[in-house]
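Being a predicted model, the structure only gives us computed values, none of them experimental. Just so we're on the same page: letters track the sequence lines, and every chain starts at 1.
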Protein chains: 2
Amino acid sequence: MSERVSEKQQQILQFLREFIGEKDYPPSIRDIQEGCRISSTSVVDYNLKRLEEKGFIRRDREVSRAIELLEGGERRARTVRVPVLGKIAAGRPIPMPPEHLTPESYDEFVEVTDRQTGGRDNVFALRVEGNSMVDALINDGDIVLLQPTQSCDDGDMVAVWLKRENETTLKRLYHEGGRVRLQPMNAAMQPFYTDLDNVEVQGRVLAAIRNW
Amino acid sequence: MSERVSEKQQQILQFLREFIGEKDYPPSIRDIQEGCRISSTSVVDYNLKRLEEKGFIRRDREVSRAIELLEGGERRARTVRVPVLGKIAAGRPIPMPPEHLTPESYDEFVEVTDRQTGGRDNVFALRVEGNSMVDALINDGDIVLLQPTQSCDDGDMVAVWLKRENETTLKRLYHEGGRVRLQPMNAAMQPFYTDLDNVEVQGRVLAAIRNW
DNA sequence: TAGGCAGCAGAACATATGTGCCGACCAGGG
DNA sequence: CCCTGGTCGGCACATATGTTCTGCTGCCTA
């Protein structure tokens, strides 16, 4: 068996992508047959077997339309709906999610890939309000993805509430003896030092998204 | 018919989400029956009809597993694979995509939702290298999504090549008489004025993504 | 030239799966 | 009490759909 993907297999792969992209459910073998003008279902089956061997797709036997498209050996990314819990601003603590996030309880969502959430659940999103986060290179209107947590490792990008300053900020956090160093994203800016008691980690920042 | 979504329908909706999230293809009526411990296929069918009337799903009749999940009245977002054509840096022109983007010709991809590409095709991505884009609040390592274009409307965020300065930059562009004003994202920074001949619009910036 | 193998055609076959029909149950209204 | 509409159970039926078998056609090689 050639390791190469034959013309026909390439065509089937392309058809799979288009079909799924259009309908949101995979095609049947006979759909593929028609779509690629293949003369027999057995040919489709044959080539699907080859594609499966080569790792381009995964099939569940005996189950109709059970073709999963893999890309680059990996599972295709899936979209997840992340609830937008509210706004994040310098002068306000972060609105925290309730114990159990139920997708139904929120009106607003952003749709991101599960690569961006790292597959974690209970991720939530906040819309940045104002220009107070520019030192983290985050602008008014940006969306940040957060994972609720109280603890974090050194160097993690976290959202912290500074009790004395009454302020929310996004910084990299490093423990240094009894103190913590809060390092702005923008390398040109000076780090901020404070003591452990003054900081309250609200969440780990996973990603930031800006749309124009 | 009650406009309300009954307990059972809620349960089916939830099951649909989980099933599709797990398998990448929709469940059959009998899958739903088992998954939701429903006593008969006709009950599933009945409730699917109700859900379709209410706009939560769309079904293709006679076709097995042809259930599309809608969310908030809209189609669920799909992931698209955007090729990463290269790096973007201040001192280099932007690597432009060839005439016809074929998904197979690139090694590296980022997966984003089609909401982020605005459904446009021939979108491509670049990885930002260096800190020269901080005035656009874009950092080393960020990913920017671009759509190839030579022309743009006033106020569009664009990637431009400044011929005299030999430099690539991301700015909002405004035509002002015979000149153009390039406005940095960061409101605190001064705009840059130059003449029309000096700028070469390479693409419209659609989105920026940062992952920690 | 015979044999082996990848790929293809065609058709029969076995299930997987959507649909229709009939009756039961229940709550509300006349 | 009966009627009606919404919901459910059970089941048979038609067809949508994956699988398999047999044979054919090139092509390569011992």
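Ionic pairing of B:Lys49 and B:Glu52 is not present here: no N-O contact between side-chain nitrogen and carboxylate oxygen is shorter than 4.0 angstrom.
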### Task
Take A:Leu137 and B:Ile138 through the side chain to side chain contact (heavy atoms under 4.5 Å, CB included) test and state the conclusion after the steps.
CA-CA 7 Å; A:Leu137 294 181; B:Ile138 288 175; over 6 Å; no
#### Entry: Audit row: B:Asp114, B:Arg120, salt bridge (charged side-chain N to carboxylate O under 4.0 Å, His left out) steps and yes/no
CA-CA 8 Å; B:Asp114 60 356; B:Arg120 282 168 273 256; over 6 Å; no
### Task
In sequence, state the C-alpha distance, the side-chain angles, and the governing distance for A:Glu22 and A:Arg17, and then conclude on salt bridge (charged side-chain N to carboxylate O under 4.0 Å, His left out).
CA-CA 8 Å; A:Glu22 219 170 282; A:Arg17 274 191 275 266; over 6 Å; no
### Query
Would B:Asp31 and B:Arg65 count as a salt bridge (charged side-chain N to carboxylate O under 4.0 Å, His left out) if you check the C-alpha gap in whole Å, the side-chain angles of each, and the deciding distance to 0.1 Å?
CA-CA 10 Å; B:Asp31 287 336; B:Arg65 296 174 187 272; 2.9 Å; yes
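Taking only side-chain nitrogens and oxygens, B:Lys49 never comes nearer than 4.0 Å to OP1 or OP2 of C:dT19. Not one side-chain nitrogen or oxygen of B:Tyr46 sits closer than 4.0 Å to the OP1 or OP2 atom of D:dC8. In this structure, A:Asn47 does not reach the C:dA6 phosphate: none of its side-chain N or O atoms is under 4.0 Å from OP1 or OP2.
D:dT7 atom P lies 12 Å from atom CD1 of B:Ile12, rounded to whole Å. The distance between atom CZ of A:Phe19 and atom C1' of D:dT17, rounded to the nearest whole Å, is 13 Å. Separating the CD atom of A:Gln9 from the C1' atom of C:dA6 is a distance of 11 Å, rounded to the nearest angstrom. Between B:Glu52 atom CD and C:dT19 atom C1' there is a gap of 14 Å when expressed in whole angstrom units. Distance A:Asp31 CG to C:dT17 C1': 15 Å, rounded to the nearest Å. One interatomic measurement links the two molecules: CD1 of B:Ile29 to C1' of C:dT15, which rounds to 16 Å at whole-angstrom precision. Distance OH (A:Tyr25) to C1' (D:dA16): 12 Å, rounded to an integer number of Å.
Listed by chain and number, the residues in a side-chain contact (heavy atoms from CB on, under 4.5 Å) with B:Leu70 are B:Arg58 (sequence neighbours excluded). Looking at residues two or more places apart in sequence or on another chain, you find a side-chain contact (heavy atoms from CB on, under 4.5 Å) between A:Thr79 and B:Arg76, B:Ala77, B:Thr79, B:Thr113.
A:Arg61 CZ: more than 12 foreign heavy atoms inside a 6.0 Å radius.
B:Ser42 and B:Asp45 share no donor-acceptor pair across their side chains, judged by distance under 3.5 Å alone. For the residue pair B:Gln14 / B:Gln10, no side-chain donor-acceptor distance below 3.5 Å is found, with atom types taken as modelled. A donor-acceptor contact closer than 3.5 angstrom links the side chains of A:Lys171 and A:Thr169.
Residue B:Val82 forms a side-chain contact (heavy atoms from CB on, under 4.5 Å) with just one option from B:Leu206, B:Thr117, B:Ile143, and that option is B:Thr117.
Of the two residues contacting DNA chain D, namely B:Ile38 and A:Asp45, the nearest-nucleotide position lying further toward the 5' end is that of B:Ile38.
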Are there any protein N/O atoms within less than 3.5 Å of an N/O atom in nucleotides 10-12 of chain D, and if so, which ones and at what distance?
unit_1, atom_1, unit_2, atom_2, d
D:dG10, N7, B:Ser40, OG, 2.8
D:dG10, O6, B:Ser42, OG, 3.0
D:dC11, N4, B:Thr41, OG1, 3.3

Provide a list of protein-nucleic acid N or O atom pairs under 3.5 angstrom, restricted to nucleotides 26-29 of chain D.
none

Between the protein and nucleotides 22-25 of chain C, are there any N/O to N/O pairs under 3.5 Å, and if so, what are the atom names and distances?
none

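Taking every heavy atom of residues 60-67 of chain A and every atom of DNA chain D, pairs under 4.0 Å involve A:Arg61, A:Glu62, A:Val63, A:Ser64, A:Arg65, by number.
In this structure a side-chain-to-backbone donor-acceptor pair under 3.5 Å is present from B:Asn198 to B:Arg164.
Between A:Ile88 and A:Glu129 the shortest side-chain heavy-atom distance does not fall below 4.5 Å.
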